[in-house]
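Heavy-atom basis, side chains included; hydrogens, waters and symmetry copies ignored.
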Amino acid sequence: MVVAVSGMDSLVERAAKMKEALQKSQTITDSVVSILGSFDSRLSVLETAMRPTQIRTHAIRKAHENIDKTLKTAEVILTQFDAYRQAEAKILKGPHEDLKSYLEAIDQLRHNIHFLSGNKGFKSSDGVLNNANSLLAKAISKLEDEFKQLLALHSKPVEPDRLFECLPESLRPSSESTENHSSGKNHHHEHQNGTLETGGFKHLTLIPPRTLPLLHDLALQMVQAGNQQQLLRIYRDTRSSVMDASLRKLGVEKLSKEDVQKMQWEVLEAKIGRWIHFIRIAVKVLFVGERRVCDQIFEGFDTLRDQCFAECIASSVSMLLSFGDAIARSKTSPEKLFVLLDMYEIMRELLPEIEVVFGGKACNEIRESTFGLTKRLAQTAQETFGDFEEAVEKDATKTAVLDGTVHPLTSYVINYVKFLFDYQSTLKQLFQEFESSGETSSQLATITMRIMQALQTNLDGKSKQFRDPALMHLFLMNNIHYMVRSVRRSEAKDLLGDDWVQRYRRVVQQHANQYKRNAWSKILQCLSTQGLTSSSVGGGSAVSGEGGSGASRGLIIDRFKTFNIQFEELHQKQSQWTVPDSELQESLRLAVAEILLPAYRSFIKRFGSLVESGKNPQKYIRYTAEDLERMLGEFFEGKTSNEPRRMDGNISQKDENRECCIKGACEYKPRKPVSDDIIPHILNLYGSCATPLDFEIYAPNASFEDPLMCAHGVKQIKSAFYSISKVFSESRIVEYSVEQKAKSAGKQEILINSKQHYKFLGRNIDLISLIKLYVEDGKVVRHEDWWYKKPIGNRETIKFPLVGHLMERLRRGSMLATHSLMGFGKDPST
C-alpha cells in the first residue's frame, strides 16, 4: 500500500514539471510570433524601397538585348548587301570570262531578293529590291544569249562518215566492210571518234561531254526564272536545223507522191534502198544521240525535256517518213512488192527503238506517224499480192519463145515466188497486221498456189500461139517442169507439199507424151508394115525373101525416102528447139529413141535387103540406127545454122593464113590477132586451172556476166571463176571457134562459139555458149557468156521489164554471195 502511494506522488510530480515546460514553450512561441510580425512589416518597407531599383535594372537588361538583336540584324543586312555587291560585280562582267562564277552570282542574287522580299521594313529596301530584280532580269537575258551561243557553237551537222562509223561492220558501206570484219563486241568503251558502242551500234557524241553540264546549269537558271518557252524556242531552232542538215548531208530527200510517180523505176528502187539505210541510221544513231543530249541538258524537267526533243526532231522525222508515205500511197505494181516488204521490214525492226526514243506524251504524234506508215506499207504490200496474181493471169506480152523454152514470164514468176520465201518471217508479221488467227503459213501457201495457178492459166493461153502441136506441148512441158523443179529445190516445197509437186509432175509427163505423139507418130508410120503389099506398084518388083512379106521394092524405097525427109526435117527443126534442163532433155531424147530406134532397126532388118540389092542403096538407107541415135543427141540444143568448130579451130585459122601466104595470096606477114593473146587465158579460166596471171587480160573496171552472175571489177571476176572448181569436178571448153571484129581504133569484139563441158555430182553437162569479149587497148573491158547463144536477160534485152529487173537482182545477189564465200577475190595459195 505504501508502495502504491509513493508511485502516485512520483507521477504527480512529473505532470507538474511537464505543465511548467509547456507554459514556457508557449511563452517562447508568442515571443517568436511577435518578432516575426515585426520582420514582415520591415520587409514590406524594404521591398517598397527597392522596387525603383529593380525597374531600372530590368530596363537596362532589355535595352542590352535589343541592342544585341539590332547589331545581329545589321550584320545580316550588311552581309546581304556585301554579297549583293559582289554578285552585281560578277553579273556586270558577263558570263564569258567565268560562267561558273556567273551562275553562282545569279544564285546569290536570287537569295538576296528572297531576303529583301521578306524584310521590307528597312529603309530603302524597296529600292534595293527593285535594283536586284532588274539586275536578275539582265543576268537571265545574258544567260539566254550564252545558252544560245554555247549550244550553237557545238551544234554542227554530222558528216555521213561519222554516222557510218557508228554502224556495225555489216551495215557499213562496202568499201569499209570488206577490209575489216571485226565483230565489234567491245561494248561501252570509248571510241576514238567520240562514240560509245552498244549492241553493234556505237553511241554518237553530238555535243562534247564537258559542255553538257554547263548547258544543263544554264537551262536550270532559265527554268527557275520562268523562261521555259524561250529555252524551248532556242533549243528547237538550233538543234532542229542541225538534224535536218545532217540528214540532207546523208542524202535524205523530202519527196511527195507526185515526185515518186514521175521517177523511173531504176532510180526509185535505188532511192528506196538508200532510204532503208538512212532511216536505220537516223533512228538508231542520230535520234538516239539527240535524245541523250536532251536527257542530260534538261535532267529533272521531264515535260520540258520531251517537248524539246519532240520539236527538235519533228521536221527530220517528217522528212524521212514523207518518202515512205509517198511510196506506200503511190500506184501499186508487182515489182514494188519486195521494196515494200523491205521498207515494212525496217519499220518493224525499228519499232522497239521508236517506242523508247520517242517515248513521252510530247512524242505521241511522231510515234503515231511511224506506226501509221508501218500499217500503210503492210496494206499496200497486201494489195500488191492481189495485183500480181491478176497481172500474171492476164499478162498479154507477145514475147516470142520460138524454141519452146521456158518463157520469161515463168522464170520471172518463179523467181518472184522464191523471193517471197526469202521474206517468210516478214510476211508472217505482215499477215498478222490484218489477221488474228495466226495461220500465217497457210496464208502464204494459199497465195503461192494462186499465183502458180494464174501462171499455168497464162501459159495455157500462150501455148495456143504455136502452130505446131508438138512444140506447143514441149513449151508447156518445159515451163511446168521449171515450176516443179524450182519448187522442189526451194522452201516452197515444204509449204506447198508433196501432193502439189506430184500433181504437177504428172502434168509434165502428160505434155511429154503429147509431144511424142504429135512429133513422132507420122514418121513412125513410115516404119510400119501397114500398106506394104506383094503387088507390083509403079513397075517395081515384088520380092519375097527374108522378111517373108512380099513387099514391093518401090514402096520400101518410098518409105525410106519419106523417112529420110521427115527425119531430116525433124532434126533441123527440133535441134533448134530447146529443153534447157539437161536431165529432162536427156530423158526426152531417150524416150524418143526408145520408140524410134527399135522400129527403125526392125524395118531395116525386114526390108533393108530389098533396097541393098538394087543400085545406090546408100541413097535411100542414109542412116544407121547409130547415126539416128547420134543425131537425136543434137535435139533440143537450141542450135543455130552455124555450128561450132572443134578444139583445133584456132589452129585451122592459122593454117589457112599460112596457106594463103604460101600460095602468094598475100604479100605480107599476117598481123597477130588480139584473140591469140586472150584465148589461152580464157581456156584456163573455164578449165578451172586459172592463175592470177590469167586475170591480167582484164581492165581494172572490167565486168563479167552470165545467166547466174554479174561481176564488177577484177576481184569479183576472180571469185566467179575460182568458184567453178568448188562446184564442178570437171570443167573445160571442148569445142570453139573464134571471130574477131574491129570496132574502132584500139577496140575489138571477140566472139567465141563454144561447147563447154561440166561434171556435176557425177553427171555430165554439155553447154552451147557464145562468149563475147569487148576489148579496148588489149584489155577485156566486158565479158559476156550467152548460154545457148541467147542474150543475157536484163532490162534492155527482155520486153517484160519485171523479168529483166529481177534477173539482174538475182545475178548481183548471187555474185555478192559468191564473192564473200571466195574471200573477196583472194587468189588461192599455191
Side-chain heavy atoms of [X] within contact of [Y], under 4.5 Å:
{"X": "Y788", "Y": "L767", "value": "yes"}
{"X": "K747", "Y": "V775", "value": "no"}
{"X": "K718", "Y": "D827", "value": "yes"}
{"X": "I771", "Y": "E784", "value": "no"}
{"X": "Q716", "Y": "S703", "value": "no"}
{"X": "L250", "Y": "F164", "value": "yes"}

Problem - Check against side-chain contact (heavy atoms from CB on, under 4.5 Å), D581 and V406 - result: CA-CA 10 Å; D581 182 82; V406 176; over 6 Å; no

Handout entry: Pair Y416 + F421: ring centers closer than 6.0 Å
Key =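 No, too far apart.
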
Problem - Sub-6.0 Å ring centroid separation between H473 and Y515 - result: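 Judged by ring-centre distance (under 6.0 Å), H473 and Y515 do not meet the cut-off.
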
Which atom names give the shortest non-hydrogen contact between [X] and [Y], and what distance separates them?
{"X": "M631", "Y": "Y623", "value": "SD-CE2, 3.6 Å"}
{"X": "A720", "Y": "M709", "value": "CB-SD, 3.9 Å"}
{"X": "K619", "Y": "N564", "value": "O-ND2, 4.3 Å"}
{"X": "I276", "Y": "M343", "value": "CD1-N, 4.0 Å"}
{"X": "E705", "Y": "I792", "value": "O-CD1, 3.4 Å"}
{"X": "E730", "Y": "R732", "value": "OE1-NH1, 3.4 Å"}

[X]/[Y] ion pair, N-O < 4.0 Å:
{"X": "R622", "Y": "E568", "value": "yes"}
{"X": "K336", "Y": "E269", "value": "no"}
{"X": "K790", "Y": "D403", "value": "yes"}

Pairing residues for [X] by the ring pair (Phe, Tyr, Trp, His ring centres under 6.0 Å) criterion, not counting sequence neighbours:
{"X": "F475", "answer": "F466"}
{"X": "Y423", "answer": "F338"}
{"X": "H481", "answer": "none"}

Taking atom types as modelled and ignoring hydrogens, do the side chains of [X] and [Y] form a donor-acceptor contact shorter than 3.5 angstrom?
{"X": "S769", "Y": "D785", "value": "yes"}
{"X": "S731", "Y": "S688", "value": "yes"}
{"X": "S582", "Y": "R763", "value": "yes"}
{"X": "Q756", "Y": "Y758", "value": "yes"}
{"X": "H407", "Y": "N479", "value": "no"}
{"X": "T624", "Y": "D627", "value": "yes"}
{"X": "Q509", "Y": "Y504", "value": "no"}

Practice task
Describe, in one word, how the ring planes of Y686 and F721 are oriented to each other, choosing from parallel (under 30°), tilted (30 to 60°) and perpendicular (over 60°).
Solution key: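 Plane angle over 60°, so perpendicular.
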
Exercise for the section: Specify whether F635 and W520 have parallel, tilted or perpendicular ring planes, treating 30° as the upper limit for parallel and 60° as the lower limit for perpendicular. Expected result: parallel

Can you tell me how far [atom2] of [Y] sits from [atom1] of [X], rounded to the nearest 0.5 angstrom?
{"X": "F704", "Y": "C710", "atom1": "CZ", "atom2": "SG", "value": "9.5 Å"}
{"X": "E393", "Y": "L459", "atom1": "CD", "atom2": "CG", "value": "11.5 Å"}
{"X": "L268", "Y": "Q261", "atom1": "CG", "atom2": "CD", "value": "9.0 Å"}
{"X": "S463", "Y": "L474", "atom1": "OG", "atom2": "CG", "value": "12.0 Å"}
{"X": "K789", "Y": "S754", "atom1": "NZ", "atom2": "OG", "value": "8.5 Å"}
{"X": "T410", "Y": "M483", "atom1": "OG1", "atom2": "CE", "value": "7.5 Å"}

May I ask you to decide if [Y]'s main-chain N or O and [X]'s side chain share a donor-acceptor pair within less than 3.5 Å?
{"X": "K516", "Y": "A512", "result": "no"}
{"X": "N458", "Y": "V392", "result": "yes"}
{"X": "S575", "Y": "H571", "result": "yes"}
{"X": "K741", "Y": "L751", "result": "no"}
{"X": "N478", "Y": "G404", "result": "yes"}

Exercise for the section: Decide side-chain contact (heavy atoms from CB on, under 4.5 Å) for Q576 and Q574; before the verdict, give the C-alpha distance in whole Å, the side-chain angles of both, and the deciding distance to 0.1 Å. Expected result: CA-CA 5 Å; Q576 296 178 40; Q574 295 197 29; over 6 Å; no

Completion exercise
Residues at least two apart in sequence or cross-chain that pass salt bridge (Lys or Arg N to Asp or Glu O under 4.0 Å) with E749, listed by chain then number, are K743, K772

Fill in the blank from the handout: Taken in chain and number order and not counting sequence neighbours, the residues that satisfy salt bridge (Lys or Arg N to Asp or Glu O under 4.0 Å) with E634 are R630

Problem - Worked verdict on D395 versus K462 for salt bridge (charged side-chain N to carboxylate O under 4.0 Å, His left out) - result: CA-CA 10 Å; D395 173 69; K462 282 181 168 50; 2.8 Å; yes

Practice task
Test E637 against R589 for salt bridge (charged side-chain N to carboxylate O under 4.0 Å, His left out), laying out the working first.
Solution key: CA-CA 11 Å; E637 290 279 5; R589 288 172 180 168; 3.0 Å; yes

Heavy-atom count around [X] [atom1] within 6.0 Å, excluding the residue itself: above 12?
{"X": "E629", "atom1": "CD", "answer": "no"}
{"X": "E626", "atom1": "CD", "answer": "yes"}
{"X": "K726", "atom1": "NZ", "answer": "no"}
{"X": "R812", "atom1": "CZ", "answer": "yes"}

Practice task
List for me each residue that meets side chain to side chain donor-acceptor pair (under 3.5 Å) alongside Y600, sequence neighbours excluded, and say none if there are none.
Solution key: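 Y600: no side chain to side chain donor-acceptor pair (under 3.5 Å) contacts found.
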
Practice task
Tell me, with the steps shown, if I752 and L770 meet side-chain contact (heavy atoms from CB on, under 4.5 Å).
Solution key: CA-CA 6 Å; I752 307 172; L770 173 61; 5.9 Å; no

Exercise for the section: Determine, step by step, whether F695 and Y722 satisfy the ring pair (Phe, Tyr, Trp, His ring centres under 6.0 Å) criterion, reporting the C-alpha distance in whole Å, the side-chain angles of both residues, the deciding distance to 0.1 Å, and the verdict. Expected result: CA-CA 11 Å; F695 295 96; Y722 284 151; 5.2 Å; yes

Exercise for the section: Start with the C-alpha gap between L708 and W787, add the side-chain angles, then the distance that decides, and say whether side-chain contact (heavy atoms from CB on, under 4.5 Å) holds. Expected result: CA-CA 10 Å; L708 293 180; W787 294 359; 3.6 Å; yes

